[in-house]
Amino acid sequence: FLESLGYSNYWKDLNAKDYGVAQNRNRTYMFSIKGGGDYVFPESIPLQKSFEQYLENNVSEEFYIKTDRARQLI
């Protein structure tokens with residue numbers, strides 16, 4: 001449909017772990033350019049941090065679920 005309106009379409013399945021993020025998340029990205037043009041998806045970036053390096057050592061109590069609330073959720 002988009003091509004019939006004069007768009008060039010580019011899509012690719014990308015994973016966050018291939019772009020420097022310590023998560024295994026597949027996403028499909030699509031770019032449509034009206035009137036032609038080219039789009040080249042970026043090359044992969046090596047993962048340099050582990051998940052543990054994103055975690056904070058000291059987390060405020062306000063971010064913890066209280067025991068009563070946890071029981072309700074479970």
Side-chain angles (χ1 to χ4, degrees):
F1 174 76
L2 290 173
E3 288 175 355
S4 71
L5 297 175
Y7 286 87
S8 296
N9 303 294
Y10 305 90
W11 69 273
K12 189 171 184 179
D13 289 326
L14 302 175
N15 193 316
K17 70 179 182 181
D18 298 326
Y19 293 90
V21 179
Q23 293 182 350
N24 186 19
R25 293 179 181 250
N26 285 323
R27 297 289 185 263
T28 301
Y29 292 89
M30 180 177 172
F31 295 91
S32 297
I33 303 170
K34 189 165 186 168
D38 277 331
Y39 183 82
V40 178
F41 285 89
E43 295 294 322
S44 296
I45 299 169
L47 183 61
Q48 296 180 358
K49 283 187 170 185
S50 68
F51 181 74
E52 290 80 17
Q53 291 173 298
Y54 288 98
L55 299 177
E56 297 179 21
N57 291 326
N58 299 313
V59 179
S60 172
E61 287 289 324
E62 69 183 294
F63 296 107
Y64 286 90
I65 297 176
K66 305 297 182 230
T67 304
D68 292 338
R69 180 68 178 140
R71 284 190 188 114
Q72 289 174 344
L73 294 171
I74 294 172

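For clarity, every value in this text was computed on a predicted model and none was experimentally measured. For the single chain, residues carry numbers from 1 onward in sequence order.
- Surrounding CD of Gln53 are more than 12 heavy atoms belonging to other residues, nucleotides or ligands, all under 6.0 Å away.
- With sequence neighbours excluded, the residues that form a side chain to side chain donor-acceptor pair (under 3.5 Å) with Ser32 are Asn9.
- With a 4.5 Å cut-off between side-chain heavy atoms of Ile, Leu, Val, Met, Phe, Trp and Tyr, the cluster of Val40 takes in none.
- Listed by chain and number, the residues in a side chain to side chain contact (heavy atoms under 4.5 Å, CB included) with Thr28 are Trp11, Asp13 (sequence neighbours excluded).
- Remark: Tyr7 pairs with no residue by the ring-ring contact (aromatic ring centres under 6.0 Å, His included) rule, at least two apart or across chains.
- Around CD of Gln48, the count of heavy atoms belonging to other residues, nucleotides or ligands within 6.0 Å does not exceed 12.
- The ring pair (Phe, Tyr, Trp, His ring centres under 6.0 Å) contacts involving residues 22-49 comprise Phe31-Tyr39, Phe31-Phe41, Tyr39-Phe41, where partners must be two or more places apart or lie in separate chains.
- No donor-acceptor pair under 3.5 Å is formed between the side chain of Tyr19 and the backbone N or O of Leu14.
- When the side chain to side chain donor-acceptor pair (under 3.5 Å) test is applied to Arg25, the partners found at least two apart in sequence or on another chain are Gln23.
- Considering only residues two or more places apart in sequence or on other chains, Asn24 meets the side chain to side chain contact (heavy atoms under 4.5 Å, CB included) condition with Asn15, Lys17.
- Residues satisfying the salt bridge (Lys or Arg N to Asp or Glu O under 4.0 Å) test with Asp68, not counting sequence neighbours, are Arg71.
- For Val59, the side chain to side chain contact (heavy atoms under 4.5 Å, CB included) criterion is met by Glu56, Phe63, Tyr64, not counting sequence neighbours.
- A search for side chain to side chain donor-acceptor pair (under 3.5 Å) contacts involving Glu62 returns Ser60, not counting sequence neighbours.
- For Ser50, the side chain to side chain donor-acceptor pair (under 3.5 Å) partners at least two apart in sequence or on another chain are Glu52.
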